[in-house]
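First listed ligand is number 1; within each ligand, the first listed atom is number 1. Everything quoted here is computed from the prediction, not taken from an experiment.
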Amino acid sequence: MQDDSTIQQQVLYAREQNLDVREFRDVLIDSGLGRIRPVGDEARLRQLISGAGLIVTARLASRNRTLVGVARCVTDFSWCCYLSDLAVAKSAQGLGVGKGLLDEVRRQLGPQVSVTLVSVPDAIGFYQKVGMARLADAFSFMRAA
Ligand SMILES: CC(C)(COP(=O)(O)OP(=O)(O)OC[C@H]1O[C@@H](n2cnc3c(N)ncnc32)[C@H](O)[C@@H]1OP(=O)(O)O)[C@@H](O)C(=O)NCCC(=O)NCCS
């Protein structure tokens, strides 16, 4: 049985702006996040990829570099970053990949850039666990569709 640190050593984190749209869709679906993302609209998924300033992936070093996680961010790389999608494949959840993706996002952005997101209810405990501050004064115009 491998422990979490062994699995972490087998995960490669990288910036991948040209992420394949089918891989992106599949990890969204596999993670569960696909329920609230436009996974049935490939053109829109392509825009999500092309318009993102920063996409960080987590891939297994073995097994043909299978995609096991993605963090998709909108950012200016200078002041702020909105983390729109964080998704880890079901089989890789709870092994440190989500935290690894956040660490790599922060490494790529540097300390001058804030990272903000809206959590689904089930992930609130995760964001608290990794040390993010919960905001009381955030506002939003919600999308219509
Ligand atoms: C939420 C998610 C991104 C977390 O990624 P993960 O790889 O499973 O989490 P990690 O293994 O990196 O967890 C880091 C720590 O947070 C804890 N944690 C993970 N998920 C948690 C949860 N839902 N609630 C409370 N704690 C959680 C882990 O136990 C771990 O704690 P430890 O450091 O004491 O061992 C992932 O489970 C996921 O993709 N979920 C489905 C999609 C989703 O909800 N995305 C977020 C949208 S806002």
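- Residue Lys99 has at least one N or O atom closer than 3.5 Å to an N or O atom of ligand 1.
- Some N or O of Leu86 is nearer than 3.5 Å to an N or O of ligand 1, by distance alone.
- Residue Phe141 belongs to no hydrophobic cluster, having no ILVMFWY side-chain heavy atom closer than 4.5 Å to its own.
- When Arg37, Gln93, Lys90 are ranked by how near their heavy atoms come to atom 36 (C) of ligand 1, first place goes to Gln93.
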Subject >> side chain to side chain contact (heavy atoms under 4.5 Å, CB included) between Phe126 and Val88, worked out >> reply: CA-CA 12 Å; Phe126 165 74; Val88 175; over 6 Å; no
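- Each of the following atoms of ligand 1 lies closer than 4.0 Å to a heavy atom of Ala87: 39 (O).
- Note: no N/O pair closer than 3.5 Å links Gly32 and ligand 1 by distance alone.
- Geometrically, ligand 1 and Ala92 share no nitrogen or oxygen pair separated by less than 3.5 Å.
- Atoms of ligand 1 lying under 4.0 Å from any heavy atom of Val88, numbered from 1 in the order shown and given with element: 5 (O), 7 (O), 38 (C), 39 (O).
- A heavy-atom distance below 4.5 Å is found between the side chains of Leu83 and Leu102.
- On a distance-only criterion, Leu95 and ligand 1 share at least one N/O pair closer than 3.5 Å.
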**OP:** Carefully, step by step, assess Arg72 and Arg37 under the rule side chain to side chain contact (heavy atoms under 4.5 Å, CB included).
**Re:** CA-CA 12 Å; Arg72 191 186 70 87; Arg37 291 296 181 273; 5.9 Å; no
**OP:** Check the pair Val118 / Ser140 against side chain to side chain contact (heavy atoms under 4.5 Å, CB included), numbers first and verdict last.
**Re:** CA-CA 10 Å; Val118 177; Ser140 174; over 6 Å; no
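- Under the 4.0 angstrom criterion for non-hydrogen atoms, Gly96 is in contact with ligand 1.
- Residue Lys129 touches ligand 1 through its side chain alone, judged by heavy-atom distances below 4.0 Å.
- Heavy atoms from other residues, nucleotides or ligands lying under 6.0 Å from CG of Asp76 number more than 12.
- Other members of the cluster containing Ile55 are Leu19, Val21, Phe24, Val27, Leu28, Ile29, Leu33, Ile36, Val39, Leu45, Leu48, Ile49, Leu67, Val70, Val120, with ILVMFWY side chains joined at under 4.5 Å, either directly or via other members.
- Counting only distance, with no hydrogens or angles, the side chain of Gln17 and the backbone of Ala52 share a donor-acceptor pair below 3.5 Å.
- Taking 4.0 Å as the cut-off, Leu101 does not count as a neighbour of ligand 1 on heavy-atom distance.
- Under a 4.0 Å criterion applied to the non-hydrogen atoms of Ser119, ligand 1 contributes the atoms 48 (S).
- Considering backbone and side-chain atoms together, Asp122 places an N or O closer than 3.5 Å to an N or O of ligand 1.
- Between Lys99 and Asp103, at least one side-chain nitrogen of the basic residue sits less than 4.0 Å from a carboxylate oxygen of the acidic one, meeting the salt-bridge criterion.
- Every atom of ligand 1 with a heavy atom of Val118 under 4.0 Å away is listed here by number and element: 48 (S).
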